[in-house]
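Structure incoming, see below.
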Amino acid sequence: MAQNEMKKAVARSAFEYVESILDRDTIIGVGTGSTANFFIQELSKISDRIEGTVASSLESDKRLKALGIPVYDLNSVGEVQVYIDGADESNEHLQLIKGGGAALTREKIIAAASEEFICIADESKLVHVLGKFPLPVEVIPIARSYVGREIVKLGGDPVYRDNCMTDNGNHIIDVFNLDIMEPTKLEERLNNITGVITNGLFAVRPADRLFLGEDSGVRILQR
Ligand code: 5RP
């Protein structure tokens, strides 16, 4: 199966799951990226049967609204029952690297606020050790050089992402050459650097389930 077909297949499986737990009050967290976009497409089939969504980026917000799906500010909703989003990498413990699309901070907030977090990804995203994909770090613009120097001390190679302004008005540093053996510790350590908004490790709050698209179909991994 081609990569895009796998992405479509996991988006469909996530949609079927959401449909099975749905009631009129359900608020669904919706992520960002090409896999999440396939999910948004599926979700439009039941836009009249859900209370609404919260979006992890302005881009997803726009797509959802264009399809007639209500989008709320996270502050104005109570509970988010389920959050569906893609990832750049996942290990077997469902700890993730996210932020390839620069939406990591809002994604992390929605993941934290959600009862259940389902990650949808094609099989190329499953790795033994996180870190081949450069780890995105969102930084306050004036702290960029300072944060870069601190990251070098941790053994990473920071590269400023050109022409990228996040939805929160910040910059992204992509960190190369990290072998992430202790994801939770590194996540906390990076977040402690002054000027860092957050980093793309989702280890403190990993996914609860991973719907993985494979040649033979969708495999579900659970923590
Ligand atoms: C955006 C993300 C995405 O989930 C991640 O980049 C995966 O994208 P895609 O589904 O297009 O492969 O974290 O910030």
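Index from 1, following the sequence. Reckoned from all heavy atoms, side chains included, excluding hydrogens, waters and symmetry mates. For ligands, and for the atoms within them, numbers begin at 1 and follow the listed sequence.
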**Study point:** Which residue and heavy atom of the protein sit nearest atom 9 (P) of ligand 1, plus the separation
**Key:** Ser34 OG, 3.3 Å
Review point. On the ring face of Phe39, is Arg12 found with NZ or CZ under 6.0 Å from the centre and within 45° of the axis?
Key: no
Review point. Considering only heavy atoms of Gly99, which atoms of ligand 1 have at least one such atom less than 4.0 Å away?
Key: 2 (C), 13 (O), 14 (O)
Review point. Below 4.0 Å from any atom of ligand 1, is there a heavy atom belonging to Gly31?
Key: no
Check your understanding: When only distance counts, is Ala36 in polar contact with ligand 1, meaning an N/O pair under 3.5 Å?
Key -> no
Review point. How far does CE of Met181 sit from CG of Asn91, to the nearest 0.5 angstrom?
Key: 10.5 Å
Check your understanding: Which of the numbered atoms in ligand 1 are below 4.0 angstrom from a heavy atom of Asp85?
Key -> 4 (O)
Exercise for review: Heavy-atom contacts with Thr32 under 4.0 Å: which atoms of ligand 1 show up? List them by number with element.
Suggested key: 1 (C), 2 (C), 3 (C), 4 (O)
Exercise for review: Would you kindly check if the NZ (Lys) or CZ (Arg) of Arg144 is within the cone defined by 45 degrees around the ring axis of Tyr160 and under 6.0 Å from the six-membered ring centre?
Suggested key: yes
Check your understanding: Does the ring of Phe202 carry Lys98 above it, NZ/CZ under 6.0 angstrom from centre and within 45° of its axis?
Key -> yes
Exercise for review: State, without any angle test, whether Asn170 and Asn168 hold a side-chain donor-acceptor pair at a distance under 3.5 Å.
Suggested key: no
**Study point:** Ala102 neighbourhood, listing ligand 1 atoms whose heavy-atom distance to it stays under 4.0 Å
**Key:** 14 (O)
Revision key, fill the gap. Rounding to 0.5 Å, atoms CD (Glu123) and OG (Ser216) come to a distance of 8.0 Å
Point to revise | Heavy atoms of other groups near Arg189 CZ, more than 12 under 6.0 Å | key: no
Point to revise | Ion pair check, Lys8 and Glu42, cut-off under 4.0 Å | key: no
Review point. Of the non-hydrogen atoms in Cys164 and Ile172, which two are nearest, and what is the gap between them?
Key: SG-CG1, 3.9 Å
**Study point:** N/O separation below 3.5 Å, Leu104 to ligand 1
**Key:** no
**Study point:** Per-atom contacts of ligand 1 with Gly86, taking only distances under 4.0 Å to non-hydrogen atoms
**Key:** 4 (O)
Revision key, fill the gap. Under 4.0 Å between heavy atoms, the region of Ala87 that gets near ligand 1 turns out to be backbone
Check your understanding: Of the protein's non-hydrogen atoms, which lies at the shortest distance from atom 1 (C) of ligand 1, and what is that distance?
Key -> Glu107 OE2, 3.1 Å
Exercise for review: Below 4.0 angstrom from a heavy atom of Gly101, which ligand 1 atoms are there? Numbered from 1 as shown, please.
Suggested key: 1 (C), 6 (O), 14 (O)
Study note, to complete from the structure: Of all heavy-atom pairs linking Tyr83 and Ser56, the shortest is OH-CB, 3.8 Å
Point to revise | Test of proximity, Gly33 against ligand 1: N or O pairs below 3.5 Å | key: no
Revision key, fill the gap. Nearest non-hydrogen protein atom to atom 12 (O) of ligand 1, with distance, is Lys125 NZ, 2.7 Å
Review point. At what distance is the nearest protein heavy atom to atom 10 (O) of ligand 1, and which residue and atom is it?
Key: Thr35 OG1, 2.5 Å
Study note, to complete from the structure: Connected to Phe176, directly or through other members, by ILVMFWY side-chain contacts below 4.5 Å are Val159
Study note, to complete from the structure: The atoms of ligand 1 lying under 4.0 Å from a heavy atom of Ala103, numbered in the order shown, are 14 (O)
**Study point:** Per-atom contacts, ligand 1 versus Asp88 - under 4.0 Å to a heavy atom
**Key:** 5 (C), 6 (O), 7 (C), 13 (O)
